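Not measured: the values here are computed from a predicted model. Worth knowing before you read on, the calculation uses all heavy atoms, side chains too, and leaves out hydrogens, waters and symmetry mates. One-based numbering along the sequence shown.
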Amino acid sequence: MSDTDIEPASDLLKGAPETAYLWGHVAGSGDIQPGEFAVRTNDETCADRLAAIAGGGNIDQRETEWPYAHNTAVTRTKDEYLVTVEGDVVSNATAAFGLPVGDDAGGYRFDVFEEFRRQLLRGLLESCGTVCFKSSSGTVGISFVHDDRKLLETVDGLLDACPVDAPTGEISETSSGGYWFGLDDGAAAPFGTWVYDGSDETNLFAPTRRQKLTRSLEQAEN
């Protein structure tokens, strides 16, 4: 392995665990322009890994205020890492996978990742998913939040086709003008266990995001 504990993808346009994970992140938190994408993450290790998979890229660290999706009056400040990748492969990939470019809507064609749905959903969960422990009910909440309803419809379809039972609620509007939906609380443990299964062998995960989910599930179990 390289210093970032992960090797570059041999071909960013082909289905593989690492490309599924990368493009899941790009779809979930990417700002895509012609020939360039910029992915946001608050996990430094994840930023390094995404850049490594892409074969290189610029990583810019900044401090950002994040509004809560369901209450925009409340914000939290976190370090954010912006991974920017340029090149013809970005244009080719965004066209092949139906990703939105600039103001153009996306169609999200992820069929090439059918065998790597776990890694694709992991990238999507880490980039546009939220995890919380609900102290009032002693359960874990997993939801997906995004400005693009079409992406959430795509995620919902991926969850419906994954090998563990992951029923979801209806897609609703957030107070910030975006959209969200949640998994049934009873699906959090089986889905969370499944989506990170095997991640230690590949290093295709954001350590802080996996840790938060693991701790939340442990709280619910205890």
Interatomic distance, OG1@T193 vs CG@L217, rounded to 0.5 Å, equals 6.0 Å
Is there side-chain contact between I171 and F144, with at least one heavy-atom pair below 4.5 Å? no
Side chain proximity check, V85 to V90, heavy atoms < 4.5 angstrom: yes
Kindly indicate whether the side chain of V155, heavy atoms from C-beta on, has any atom under 4.5 Å from the side chain of L121. yes
Tell me, yes or no, whether the heavy-atom count around D103 atom CG, taken from other residues, nucleotides or ligands under 6.0 Å, exceeds 12. no
Donor-acceptor pair, distance only, cut-off 3.5 Å: does the side chain of D156 make one with the backbone of L152? no
Determine whether L22 and L12 satisfy the following criterion, side-chain contact (heavy atoms from CB on, under 4.5 Å), listing intermediate values before the conclusion. CA-CA 9 Å; L22 170 68; L12 291 177; 3.7 Å; yes
Decide yes or no for K212 and P207: does some side-chain heavy atom of the first lie under 4.5 Å from some side-chain heavy atom of the second? no
Atom CG of L50 and atom CD of E126: how far apart are they, to the nearest 0.5 Å? 8.5 Å
Evaluate side-chain contact (heavy atoms from CB on, under 4.5 Å) for E36 paired with T84, printing each intermediate quantity in order. CA-CA 7 Å; E36 175 185 293; T84 304; 3.8 Å; yes
What closest approach, in Å, do G15 and V112 show between heavy atoms, and which atom pair accounts for it? N-CG2, 3.4 Å
Counting only heavy atoms not in E153, do more than 12 sit closer than 6.0 Å to its CD atom? yes
Thinking salt bridges, do D200 and R210 make one under a 4.0 Å N-O criterion? yes
Kindly compute the distance separating SG (C46) from OH (Y81), expressed to the nearest 0.5 Å. 11.5 Å
Do side-chain atoms of D11 reach the backbone of L13 as a donor and acceptor pair under 3.5 angstrom? yes
Straight-line distance of L204 CG to E18 CD, nearest 0.5 Å: 6.5 Å
Shortest non-hydrogen contact from W180 toward S143: CE3-CB, 3.9 Å
Evaluate the ring-ring contact (aromatic ring centres under 6.0 Å, His included) criterion for residues F37 and W23: first the C-alpha distance (whole Å), next the side-chain angles of each, then the deciding distance (0.1 Å), finally the verdict. CA-CA 10 Å; F37 70 71; W23 293 112; 5.5 Å; yes
Using side-chain heavy atoms (C-beta onward) and a distance below 4.5 Å, is K134 in contact with D185? yes
Could you give the distance from CG (N42) to CD (E63), rounded to the nearest 0.5 Å? 12.5 Å
Over all atoms of both residues, closest heavy-atom pair of C162 and W194: CB-CH2, 3.8 Å
Side-chain contact test, heavy atoms from C-beta onward, threshold under 4.5 Å: evaluate it for Q61 versus D79 and give yes or no. yes
Looking at Y21, I'd like to know if the NZ or CZ of R118 sits under 6.0 Å from its six-membered ring centre while staying within 45 degrees of the ring's axis. no
Working for side-chain contact (heavy atoms from CB on, under 4.5 Å), residues L158 and R117: CA-CA 7 Å; L158 290 168; R117 187 176 290 113; 3.9 Å; yes
Find out whether V83 and N58 are in side-chain contact, i.e. whether some heavy atom of one side chain is under 4.5 Å from a heavy atom of the other. no
Taking T174 for its side chain and G178 for its backbone only, find out whether a donor-acceptor pair lies under 3.5 Å. yes
Closer than 3.5 angstrom, by distance alone: can the side chain of T19 be matched with the main-chain N or O of A16 as a donor-acceptor pair? yes
Distance-only donor-acceptor check, side chains D148 and Y179, under 3.5 Å: no
Would R109 pass as a cation-pi partner of F97, given that its NZ or CZ must be under 6.0 Å from the six-membered ring centre and within 45 degrees of the axis? no
Taking NZ, NE, NH1 and NH2 as the nitrogens, is one of them in D43 or R209 under 4.0 Å from a carboxylate oxygen of the other? no
Do you know which two heavy atoms are closest between V131 and S216, and how far apart they sit? CG1-OG, 4.0 Å
Can I6 be reached from F113 by stepping across I, L, V, M, F, W or Y side chains whose heavy atoms are under 4.5 Å apart? yes
Do S199 and R122 have side-chain N/O donor and acceptor atoms under 3.5 Å apart? no
Is the side chain of N203 donor-acceptor paired with the backbone N or O of D5 at a distance under 3.5 Å, no angle test? yes
Between atom CG of L125 and atom CZ of F191, what is the distance when rounded to the nearest 0.5 Å? 5.5 Å
Going through the checks in order, is the side-chain contact (heavy atoms from CB on, under 4.5 Å) test met by L82 and I59? CA-CA 5 Å; L82 194 68; I59 300 177; over 6 Å; no
Identify the heavy atoms of A187 and A166 that sit nearest to each other, and give their distance. CB-CA, 3.9 Å
More than 12 heavy atoms of other residues, nucleotides or ligands under 6.0 Å from CD of E221: yes or no? no
Measuring only between side-chain heavy atoms, which start at C-beta, is K150 closer than 4.5 Å to Y108? yes
Around atom CD of Q219, are there more than 12 heavy atoms of other residues, nucleotides or ligands at under 6.0 Å? yes
For residues 26-35, dump all side-chain donor-acceptor pairs below 3.5 Å to protein atoms at least two apart in sequence or in another chain.
unit_1	atom_1	unit_2	atom_2	d
S29	OG	H25	O	3.3
S29	OG	R40	O	3.0
D31	OD1	Q33	NE2	3.1

